[in-house]
Number of protein chains: 2
Amino acid sequence: MERKWTTVRDLRRTNRSTVLSRLYLAGPLSRPEISRDTGLSAGTVSNVTAELIEEGLVVEAGQVDSHGGRPRALLRVDPDYGYVVGVDVGETRVRVELFDLAMTRRALVDRQLPSARPRPEAVVSRILTGLTEAISRAGVPEERILGVGIGVFGLVEQGPEVTVHAPTVGWQEVRLESSLRAGTRLPLFIDNGAKALGQAEMWYGAGRGRQHAVIVLVGSGVGAAVITHGQSYRGFTSSAGEWGHTTIVYGGRPCRCGSSGCLEAYVGAEGIIDRYRQARAGRPVPGGDEESQIAALVRARHSSTVAARILEETTGFLGAGLANLINLFNPELIVLGGWTGLVLGAELLPEIRVAAGRHALELPYRQVSIELSQLGADAVAFGAATLPVQDLLLRGGETGAARTAGSVRAARSSHR
Amino acid sequence: MERKWTTVRDLRRTNRSTVLSRLYLAGPLSRPEISRDTGLSAGTVSNVTAELIEEGLVVEAGQVDSHGGRPRALLRVDPDYGYVVGVDVGETRVRVELFDLAMTRRALVDRQLPSARPRPEAVVSRILTGLTEAISRAGVPEERILGVGIGVFGLVEQGPEVTVHAPTVGWQEVRLESSLRAGTRLPLFIDNGAKALGQAEMWYGAGRGRQHAVIVLVGSGVGAAVITHGQSYRGFTSSAGEWGHTTIVYGGRPCRCGSSGCLEAYVGAEGIIDRYRQARAGRPVPGGDEESQIAALVRARHSSTVAARILEETTGFLGAGLANLINLFNPELIVLGGWTGLVLGAELLPEIRVAAGRHALELPYRQVSIELSQLGADAVAFGAATLPVQDLLLRGGETGAARTAGSVRAARSSHR
DNA sequence: ACACTTTTTCGAAGGTGTGAAATAAGTATC
DNA sequence: GATACTTATTTCACACCTTCGAAAAAGTGT
């Protein structure tokens, strides 16, 4: 009962939010279209849009000619109203990208990390220097930055203060938010990288227009982002969706998480390569890094029965894992992403679908479609950048008395 | 964008709803307490409660003495404002119970089904006759019945019309709602039995006051009800939560659903008994029905190493299954229910907790507590009866122009 | 009897969306 | 080129809503 949802002004805010969101996600729209989509009366739409235009969030974008009537004016969110930053924190590098509101990239900064088990301070310093560099490269005044979204590996706990847990790289309750807060006044939005990417896929990728989906990430690790009613499913402390460490072969292969039989131990890149090596009687798998090893395996499938068998098994495990998601979450869509997932999916998607069908219940399986990611494997920073945008939309474009910045509102009004 | 949430009257309805819900779920409360809990101003609370009292939904319930000030009046929902019916549709019987709003049972009707694979018509006729009998036995005028909740086995699809799918008993897209609609004008609320029970457990059982929980049902079959933000997680077509048919032993024991290695094949009553029999080299398990066989197994665990091993394995499988739920849904609470679950849990809960800890990720495991069901195995009808209550609360006590009945409102206003 | 405290009600004020009417801005037709 | 028609957009009266502060109500303690 902590939510504040009572006054007539909150009503206005949600209506602003629905109008703004529709406008942002469904491209240029005319007022009558907004009215129809949102159920708001024409008068209200006119009223709300006038306010949004006045504030500079929305601009006119041409007209659409009519069949004998006043032509309807098209409206859209002004891409230059503000800018957002997305940060991809990986285990080997930090990547900072700056976008305008249309998600056109304006700057990109890449920083290597010294080791694959980076210390938090190393990450924090690279985020902060990357941030200033991206801002200066893009030539954008800092006051116009709406927020910084950060997609991190590991479990991101959204408490009174955001903390990150990633036992595999030795991070225990890392207070990432407060560390960053010391170095910037910009609003911060920290989330798990898979969840960030999932949101991007819903807005700009394979999930457009869907409400219930699971975006699955198969790379070195295996994760998932669950979307319900268009929103990320978080659970009690936001660590929901740890699909990679669900048991799929009771008592099976040991997993780096300490348990055994985890899905990740079978369909994560390392798991696949390891099983391939064992099937080759211990001979090393050709190719240098994991990526080329997987590629080699996929290429070999027509010539080598061993490779074919390994891939078939992998398809089976992956299918069963997807079936578990289908049975538990009943999504309308599953998006297969992550670099390993994309490599496998490019060749084997039909087989994966069939394998999922073998293990899932018939009804929910009939209602789900399994598709490939459209944004590719490298869109975590992009996804992270959508986090501040989402915040903007949910607030209906009002400068929330949120995390920081009273400067933003001032900057804005002096700007127009 | 289909939801209607725009006008200033919707605002009133949600405020009525929050006040009414708080009052219903948190027992007798004074107006200042409501104000504090809901964030509404004292004026609004007075205004809203006056309306609810006027309509007969809420009544005064004594006073609480003060420390030198006007004593605060206590308010509560009138248990006799209306009545609700809950129906438990099992594979062998139909059970109809009638409650007042305080969930005190006023009537109970039990009807056997002719076979364990009942035809839909057999179920429908027993529901309808059971309904009239329960109403007459309780001596309640039909106009005072707020609705009938029905908890059914199988997958319940909430479309424009509710349909039920249960392949194991040969039900394919059974149009239960329209069949019942022919025989009664009362508002109907049809849902999966496990979900219905889950809601009851949240309101009146082990889940009180929690927001994110999974209620797990282990009986002959295995199911789960997932609660997020206090609401049942449904997914795209409401068939979410089919935990029993998630794969936990890839390529393992065949399951009646057609797949193999499903959790249900290992920890469902039949699966346990079957594994026990195999371990006894095919000798039949003592005891008549499944229930007494499981009881015999549990009793034998101190004298028989075979029984002990089977139970240990069962604990392991169940723990891994729970761990999957923990990793995927990140609940704050897991409630173990269902008759098999209760029998096992009564003896082995600590071991089950440990087994879950072995397979779950550390952080979400630390944050979850695993408890036994408090409502017992036979509370599906009770749970189903909460469905119309929930509807009442969500509507804020306004007679929705919902599924049926304009008679209800008339009856109500003539009644006071 | 009086002062004090707390609850509850009351009325004015400030906001909101709606629906109908008015206005704007085109196209089709004669 | 003027007129009729059509559709988009704005304007405005209206009915509602919550809040806020003041006043009334209803007790306790001295």
Side-chain angles (χ1 to χ4, degrees), chain A residues 1 3-20 22-23 28-54 58-76 396-398, chain B residues 1 3-20 22-23 28-54 58-76 396-398:
Chain A
M1 285 281 168
R3 80 180 189 287
K4 185 73 180 167
W5 205 157
T6 61
T7 107
V8 83
R9 285 174 103 137
D10 300 322
L11 187 56
R12 176 59 157 213
R13 181 168 357 148
T14 47
N15 283 344
R16 277 179 62 118
S17 174
T18 56
V19 168
L20 191 62
R22 190 88 196 123
L23 226 33
L29 289 171
S30 68
R31 271 170 268 241
E33 283 169 320
I34 298 172
S35 176
R36 187 163 16 80
D37 293 352
T38 61
L40 267 54
S41 73
T44 301
V45 170
S46 187
N47 190 329
V48 169
T49 53
E51 206 171 279
L52 292 172
I53 289 171
E54 163 70 17
V58 168
V59 290
E60 298 212 349
Q63 301 196 330
V64 77
D65 46 339
S66 75
H67 233 332
R70 174 170 175 173
R72 40 182 80 179
L74 289 177
L75 303 174
R76 65 178 163 83
E398 280 171 356
Chain B
M1 286 277 167
R3 80 180 189 286
K4 185 72 180 167
W5 206 153
T6 60
T7 106
V8 80
R9 283 174 103 141
D10 299 323
L11 188 56
R12 175 59 158 213
R13 177 159 5 126
T14 46
N15 282 345
R16 278 179 61 119
S17 174
T18 55
V19 169
L20 191 62
R22 191 87 196 123
L23 226 34
L29 290 172
S30 68
R31 272 170 267 242
E33 282 169 320
I34 297 173
S35 176
R36 186 162 17 80
D37 293 352
T38 62
L40 267 54
S41 73
T44 299
V45 169
S46 187
N47 190 330
V48 169
T49 52
E51 205 172 278
L52 292 171
I53 290 171
E54 163 71 16
V58 168
V59 291
E60 298 212 349
Q63 302 197 331
V64 77
D65 46 337
S66 74
H67 240 332
R70 174 170 174 173
R72 39 184 77 177
L74 290 177
L75 304 174
R76 65 177 162 87
E398 280 172 359

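Per chain, numbering begins at 1; letters A, B, ... match sequence-line order.
Whole-Å rounding puts the Gln63(B) CD to dT6(C) P distance at 16 Å. As rounded to whole Å, 10 Å separates atom P of dT9(D) from atom CD1 of Ile53(A). When rounded to the nearest whole Å, the span between CZ of Arg12(B) and P of dC17(D) equals 5 Å. For Ile34(A) and dG17(C), the CD1 to P distance is 14 Å, given to the nearest whole Å. When rounded to the nearest whole Å, the span between CD of Glu51(A) and P of dG17(C) equals 9 Å. For Asp10(B) and dG17(C), the CG to P distance is 11 Å, given to the nearest whole Å. Whole-Å rounding puts the Leu11(A) CG to dT19(D) C1' distance at 15 Å. When the P atom of dG15(C) is taken as reference, atom CG of Asn47(A) falls 13 Å away, rounded to whole Å.
Among dA25(D), dC16(D), dG14(C), the nucleotide with an atom closest to any side-chain atom of Arg9(B) is dC16(D).
Dashed line: the shortest gap from a side-chain N or O of Thr44(B) to OP1 or OP2 of dT18(D) is not under 4.0 Å. Residue Arg72(B) places at least one side-chain N or O closer than 4.0 Å to OP1 or OP2 of dT7(C). Note on Arg70(B): every side-chain N or O is 4.0 Å or more away from OP1 and OP2 of dT28(D). In this structure, Thr6(A) reaches the dT19(D) phosphate: one of its side-chain N or O atoms is under 4.0 Å from OP1 or OP2. An OP1 or OP2 oxygen of dT10(D) is reached within less than 4.0 angstrom by a side-chain nitrogen or oxygen of Arg31(A). Residue Ser41(A) has no polar side-chain atom (N or O) positioned under 4.0 Å from OP1 or OP2 of dG17(C). OP1 or OP2 of dG17(C) lies within a sub-4.0 Å distance of a side-chain N or O belonging to Asn15(A). Applying the 4.0 Å criterion to OP1 and OP2 of dG17(C), one finds that Thr7(B) has every side-chain N and O outside that range.
Where Val48(A) and Pro32(B) each meet DNA chain C at their nearest nucleotide, the meeting point lying more 5' is that of Pro32(B). Along DNA chain C, the nucleotide closest to Arg16(A) and the one closest to Gly69(A) are compared, and the more 5′ of them pairs with Arg16(A). Where Val8(B) and Ser46(A) meet DNA chain D, the nucleotide closest to each residue was compared, and Ser46(A) sits on the side nearer the 5' end. Residues Ala42(B) and Pro71(A) both approach DNA chain D. Their nearest nucleotides, taken by heavy-atom distance, put Pro71(A) toward the 5′ side.
Of the possible donor and acceptor atoms, one in the side chain of Ser35(B) sits under 3.5 Å from a partner among the backbone N and O of Leu40(B). With Thr14(B) contributing its side chain and Leu11(B) its backbone, the two residues share a donor-acceptor pair below 3.5 Å. Between the Arg16(B) side chain and the Gly396(B) main chain, a donor and an acceptor come within less than 3.5 Å of each other. A donor-acceptor pair is defined here as one N or O able to donate and one able to accept, closer than 3.5 Å; such a pair exists between the side chain of Thr38(A) and the backbone of Ile34(A).
Side chain to side chain, Thr44(B) and Ser41(B) meet the donor-acceptor criterion of an N or O pair below 3.5 Å.
Under the 4.0 Å criterion applied to side-chain N and carboxylate O atoms, Arg31(B) and Glu60(B) are assigned as salt-bridge partners.
Among the atoms of the strands shown, none is found under 4.0 Å from any heavy atom of Ala50(A).
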